[in-house]
**Student:** 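Below is one structure. I have some questions about it.
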Amino acid sequence: MGYPFLLKSLQRLILLIGLCQAYTSESNQEKAVRDLLIHLIPDVYSNFEITVDPTIFNDDQISFKILKTSENSTVKITGNSGVAAAWGVHHYLRNFCNCHISWDGDQLKLPEILPNASVELRSADRYRYYQNVCTFGYSSAWWNWSRWEREIDWMALQGINLPLAFIGQEAIFKRVFNNLGLSDAELEEFFVGPAFLPWGRMGNIRGWGGPLSDSWHIRTVKLQHKILNRMRSFGMKPVLPAFAGFVPRNISRIYPDHEVAKAERWNNFDDKYCCPSLLHPEDPLFAQIGERFISEMTKEWGTDHFYNCDMFNEIRPVNDTPEYIRSVGQSVFTGMKLADSKAIWVMQGWLFTDRGFWTEERAKALLTSVPSGKMIVLDLNSDGSPFYKKFDSYYGQPFIWNTLHNFGGTSGMYGYLDSIGMGIIEARSYKNSTLVGTGLTMEGINQNYIVYDFTLDMGVRDSVTDVNHWVKNYATQRYGEYNEFTDRAWLLLKRVLYSNMEPSYRARFLPITQRPSLGYVPSIFYNVEDVILAWDNLYEVSNKFKGIKPFMHDLVDVSRQVLQDMFSLQYLFVVHSYKQRKMHDLRTSSKTLLKILYDMDTILNTNQQFMLGPWIESAKAAASLEEKSQFEYNARNQITLWGPRGEIVDYAAKQWGGLVMDYYIPRWTLFVDTLRECLINNSTFDKDKFRQKVFTNVEQPFTFSKKIYPVEPIGSTLHALEQIYETWRPFYTSNVAIYRKLTKKLKEKRMQRKKKNGKRNQL
């Protein structure tokens with residue numbers, strides 16, 4: 001059953017919501033964009049005239065006009081908000097000046113005479129959303145104001161008007177819980193450490209990596225003020241947190257007669273760190289705490305009436321009846337609306353990936369527990385597994401189509417541009433679609449920028465674009481000019497890495513960053529030879545573009561990708577040599593395997609964005625003197641063991657210089673040494689024994705280490721590249737026939753697994 005009768009009323013409601021937000025004057029929004037221009041292009045900012053006029057198109061889309069003529073040196077940009085005007089600036093710089101602004105660095109070589117332009121553009125949807133709750137752990141856990149200001153300016157340039165704003169909420173919860181009678185000591189067992197805050201907020205864990213100090217709370221409250229002020233200065237509508245029902249276990253000391261349950265255990269965390277208490281949704285205390293939290297929060301920071309709340313992130317409700325699930329939704333929303341009558345619940349749809357639990361009946365109970373239009377569902381993984389079809393456009397609730405793409409902020413080049421382009425258009429044209437926006441919900445940033453740039457661009461299109469043509473333009477803008485070698489390189493990368501039709505592949509199960517074992521089937525679904533050819537083309541023009549930051553980033557990234565793929569193939573040689581009991585071949589293949597890692601570490605350390613040092617030093621910089629050791633441990637543990645015993649080991653693995661040298665190389669060295677010992681002693685590889693040995697000797701010691709890593713690049717990228725290219729390009733060529741066979745076998749194994757899994761799913 002569709003919901004056509006709701007569509008017009010929903011559209012009117014969404015427009016009304018847009019009109020009743022916290023107001024930032026047009027002049028202040030214009031100033032925010034001018035300030036952005038001063039930061040971005042200080043030498044020519046005065047050539048841009050910015051106007052904010054909410055009436056230019058008289059609708060609720062994000063829209064702007066650009067006018068530049070030969071008679072005037074000024075580029076006139078008018079937007080219906082500060083966000084729209086900033087988006088207009090980016091559109092002009094990108095499409096008329098071949099400029100590029102990204103996480104990977106900027107390329108801002110403007111022509112001496114600014115080009116003429118006459119453009120009117122409107123977004124296809126009401127909202128452009130940004131961030132996953134997990135991004136605040138995997139990417140921005142340690143950001144200072146300077147880094148946040150840069151990110152918010154980037155958001156404005158991309159036309160993002162609905163960003164998640166989650167900083168500092170623990171300070172608000174502390175006030176609420178203290179007022180209820182809980183002591184600071186009791187809260188220490190509840191709040192998790194800074195690198196793990198997203199999962200504490202969603203009720204997955206408690207206490208792990210904590211506690212949080214008063215100085216942390218003071219700093220984050222101040223930081224959130226700056227973040228929200230900057231977001232609102234552009235006219236953005238920040239999404240704030242809400243209460244999901246999770247409370248410290250000692251709540252029963254204060255309220256012994258109230259019904260509480262333990263949340264479901266998550267990823268085998270011990271009781272000490274798992275399962276916070278969960279209030280019964282029909283208990284009046286649930287809504288009371290929800291109201292108190294939002295009242296206290298909005299008193300501190302104000303509100304734009306959007307609140308995110310996720311109760312069942314990878315944990316199931318303690319009661320599986322639709323009635324109970326509906327009551328949870330009602331209680332969450334009651335807490336919101338008691339404090340804010342204009343509240344809109346923004347809910348991540350990740351919970352629905354638990355297909356075994358979330359039947360249509362249960363999902364409908366949750367989604368319809370809130371009045372239509374009072375919830376916006378983030379179809380979180382639309383690029384891989386959208387749910388709006390299964391749940392009939394979320395039974396009338398508005399939803400946002402998102403590109404998730406990445407888990408844990410892991411390294412590795414991949415994506416599926418064609419399916420993203422088709423997916424967004426399909427969602428808009430879906431019968432009785434309640435789509436109101438598009439967004440980015442990656443768990444970690446600073447990887448595969450092309451995927452997110454493409455998603456953002458599709459937010460203004462009403463038909464499928466020519467992806468190859470788009471990629472050619474992307475290369476030209478990223479490096480500042482057309483070049484046949486960079487053009488060829490990116491078309492090759494698009495063909496083999498960014499046309500991935502394997503939604504299950506997310507660069508998460510790469511041998512290079514996994515705890516060593518004999519049983520890996522490397523996830524190589526593409527032609528490695530084409531990646532090598534792309535590398536050839538970038539190498540050819542490496543001197544020409546050596547001053548361009550995005551190019552130097554890509555030179556390191558593609559080199560890393562080549563070495564990653566060669567490591568995966570070489571790993572198979574090591575395993576084969578061991579299984580065939582050939583000691584000489586094992587020694588030779590192991591030496592090559594480790595050499596790849598050493599060379600990878602060398603080139604990664606030539607670019608700051610691929611170094612461990614900045615991550616660890618930013619953690620220490622975010623800490624008081626007393627917190628430095630704790631925060632460093634948080635930073636190290638998250639990207640390695642992810643838990644005291646490796647509960648989610650390597651989930652957030654990074655290919656960073658320093659991490660390769662002191663974590664991955666020691667693990668793989670221990671592995672190949674163990675294999676050789678097995679051959680010498682005529683014994684078999686004991687997986688469990690090795691797991692304990694590598695945990696004790698390598699993994700856990702790394703998390704407690706205090707070794708200082710550099711934050712500035714070591715050596716020259718071009719010098720390192722030359723040495724690596726001269727070593728591994730001929731090595732690949734001499735082994736190409738073998739590698740082709742291996743790649744073919746890997747594809748066949750993946751197809752067999754895919755068919756097997758398909759049959760299992762049918763059962």
Side-chain angles (χ1 to χ4, degrees), residues 133-134 136-138 141 166-214 216-217 220 241-256 258-281 283 285-286 289-290 292-293 308-318 328 332 348 350-351 627 630-631 633-635 637-638 641-648 651-652 703:
V133 296
C134 298
F136 291 85
Y138 291 132
F166 258 32
I167 301 297
Q169 61 178 281
E170 284 70 28
I172 306 300
F173 273 117
K174 181 179 185 298
R175 295 177 195 174
V176 173
F177 289 142
N178 281 159
N179 287 336
L180 290 174
L182 287 161
S183 68
D184 287 351
E186 289 169 323
L187 294 182
E188 285 185 2
E189 297 177 2
F190 181 68
F191 290 134
V192 299
F196 305 100
L197 286 172
W199 303 275
R201 293 162 179 168
M202 293 183 289
N204 301 124
I205 53 177
R206 65 187 186 96
W208 172 242
L212 297 176
S213 68
D214 286 342
W216 169 265
H217 293 311
T220 53
F243 177 62
F246 300 108
V247 292
R249 286 193 182 176
N250 285 328
I251 194 77
S252 297
R253 178 181 65 79
I254 311 297
Y255 299 99
H258 289 249
E259 186 177 349
V260 295
K262 283 173 65 174
E264 185 181 55
R265 187 179 302 276
W266 184 71
N267 279 300
N268 295 313
F269 270 82
D270 283 341
D271 187 69
K272 180 179 179 181
Y273 296 120
C274 87
C275 319
S277 290
L278 178 63
L279 286 172
H280 193 283
D283 189 321
L285 187 60
F286 192 117
I289 294 178
R292 288 189 188 190
F293 173 75
N308 171 270
C309 184
D310 299 301
M311 311 85 60
F312 307 126
N313 179 71
E314 298 177 4
I315 54 176
R316 292 181 173 183
V318 296
V328 173
V332 168
Q348 291 196 155
W350 183 250
L351 72 167
E627 296 167 325
Q630 174 196 355
F631 285 17
Y633 177 78
N634 268 239
N637 183 274
Q638 189 217 77
L641 287 174
W642 215 124
R645 298 177 293 109
E647 283 79 355
I648 325 178
Y651 179 89
T703 65

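Please read these numbers as outputs of a predicted model, since none were measured by experiment. Residues: numbered from 1 along the sequence shown.
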**Student:** So, are R201 and D310 salt-bridged, with charged N and O less than 4.0 Å apart?
**Tutor:**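 No salt bridge links R201 with D310.
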**Student:** In sequence, state the C-alpha distance, the side-chain angles, and the governing distance for Q630 and N634, and then conclude on side-chain contact (heavy atoms from CB on, under 4.5 Å).
**Tutor:** CA-CA 6 Å; Q630 174 196 355; N634 268 239; 4.0 Å; yes
**Student:** Applying side-chain hydrogen bond (donor to acceptor under 3.5 Å, both in side chains), can you list everything that pairs with K272, at least two apart in sequence or on another chain?
**Tutor:**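 Scan of K272 (side-chain hydrogen bond (donor to acceptor under 3.5 Å, both in side chains), adjacent residues dropped) gives none.
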**Student:** Is the side chain of N204 donor-acceptor paired with the backbone N or O of E314 at a distance under 3.5 Å, no angle test?
**Tutor:** no
**Student:** Check whether any side-chain heavy atom of R249 sits under 4.5 Å from a side-chain heavy atom of C275, and report yes or no.
**Tutor:**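 With C-beta onward as the side chain, the pair touches.
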**Student:** Any chance you could measure H258, atom NE2, to L279, atom CG, to the nearest 0.5 Å?
**Tutor:**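 Rounded to the nearest 0.5 Å, the NE2-CG separation comes to 9.0 Å.
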**Student:** Which heavy-atom pair separates I315 from A263 by the least distance, and what is that distance?
**Tutor:**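 So the minimum-distance heavy-atom pair works out to CD1-CB, 4.4 Å.
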**Student:** Apply side-chain hydrogen bond (donor to acceptor under 3.5 Å, both in side chains) to S213 and list each qualifying residue two or more places apart in sequence or on a separate chain.
**Tutor:**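 Only S215, E627 meet the side-chain hydrogen bond (donor to acceptor under 3.5 Å, both in side chains) criterion with S213.
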**Student:** Mark yes or no for whether R253, through its side chain, and G181, through its backbone, hold a donor-acceptor pair below 3.5 Å.
**Tutor:** yes
**Student:** Could you check whether any side-chain N or O of D270 sits under 3.5 Å from a backbone N or O of C274, counting only pairs where one atom can act as donor and the other as acceptor?
**Tutor:**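 No; zero donor-acceptor contacts below 3.5 Å.
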**Student:** Less than 6.0 angstrom separating the ring centers of F177 and F190, yes or no?
**Tutor:**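 When the ring centroids of F177 and F190 are compared, they turn out to be within the sub-6.0 Å range.
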**Student:** To the nearest 0.5 Å, what is the distance between CG (N637) and CH2 (W208)?
**Tutor:** 5.0 Å
**Student:** Measure centre to centre between the rings of W216 and F631, then say whether the value is under 6.0 Å.
**Tutor:**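 Between W216 and F631, the centre distance is under 6.0 Å.
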**Student:** Closest heavy-atom contact between M202 and C134?
**Tutor:**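 Closest pair (atom of M202, atom of C134, distance): CE-SG, 4.2 Å.
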**Student:** In Å and rounded to the nearest 0.5 Å, what is the CD to CG distance from E259 to L278?
**Tutor:**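 Rounded to the nearest 0.5 Å, the CD-CG separation comes to 10.0 Å.
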**Student:** Is the backbone of A195 close enough, under 3.5 Å, to the side chain of Q638 for a donor and an acceptor to pair up by distance?
**Tutor:** yes
**Student:** Name the orientation class of the two ring planes belonging to F269 and W266 (parallel below 30°, tilted from 30 to 60°, perpendicular beyond 60°).
**Tutor:** parallel
**Student:** Which pair of heavy atoms, one from V332 and one from M311, lies closest together, and at what distance?
**Tutor:** CG2-CG, 4.0 Å
**Student:** Between Y273 and W642, does the ring centroid distance fall short of 6.0 Å?
**Tutor:**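 Here the rings of W642 and Y273 have centres that are no less than 6.0 Å from each other.
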**Student:** Could I get the full list of side-chain hydrogen bond (donor to acceptor under 3.5 Å, both in side chains) partners for S252, not counting sequence neighbours?
**Tutor:** none
**Student:** When you compare the side chain of E186 with that of I251, does any pair of heavy atoms fall below 4.5 Å?
**Tutor:**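 Sidechains of E186 and I251: no contact.
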**Student:** Any non-hydrogen side-chain atom of Y138 less than 4.5 Å from a side-chain atom of P198?
**Tutor:** no
**Student:** Testing the basics here: between V318 and A261, what is the closest heavy-atom pair and its distance to 0.1 Å?
**Tutor:**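 Heavy atoms only, the tightest pair is CG1-CB, 4.1 Å.
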**Student:** Looking at every non-hydrogen atom in both residues, tell me the closest pair between G209 and P194 and how far apart they are.
**Tutor:** O-CD, 4.4 Å
**Student:** To the nearest 0.5 Å, how far apart are CD in Q348 and CG in L351?
**Tutor:** 9.5 Å
**Student:** If you compare all heavy atoms of H217 against all heavy atoms of T220, which two are closest, and at what distance to 0.1 Å?
**Tutor:** O-OG1, 3.1 Å
**Student:** Are V247 and L182 close enough, and set up right, to give a side-chain contact (heavy atoms from CB on, under 4.5 Å), and what steps lead you there?
**Tutor:** CA-CA 10 Å; V247 292; L182 287 161; over 6 Å; no
**Student:** Report yes if the side chains of W199 and V133 come closer than 4.5 Å at any heavy-atom pair, otherwise no.
**Tutor:** no
**Student:** Between CG of L212 and CG of D184, what distance do you get to the nearest 0.5 Å?
**Tutor:** 11.5 Å
**Student:** Does any part of the side chain of F173, heavy atoms only, come nearer than 4.5 Å to the side chain of F246, both counted from C-beta?
**Tutor:** no
**Student:** Verify the neighbour count for atom CG of N178: are there more than 12 heavy atoms of other residues, nucleotides or ligands below 6.0 Å?
**Tutor:** yes
**Student:** Do S277 and N250 come within less than 4.5 Å of each other through their side chains, counting heavy atoms only?
**Tutor:**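 A side-chain contact is absent here, since even the closest heavy-atom pair is not under 4.5 Å.
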**Student:** Can you find a pair of side-chain heavy atoms, one from F312 and one from E264, that are under 4.5 Å apart?
**Tutor:**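 They are not in side-chain contact.
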**Student:** Can you measure from CG (N267) to CD1 (I648) and round to the nearest 0.5 angstrom?
**Tutor:**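 Rounded to the nearest 0.5 Å, the CG-CD1 separation comes out at 4.0 Å.
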**Student:** I want to check something: taking the side chain as every heavy atom from C-beta on, are F243 and R292 in contact at a cut-off of under 4.5 Å?
**Tutor:**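 The answer is no; the side chains never approach within 4.5 Å.
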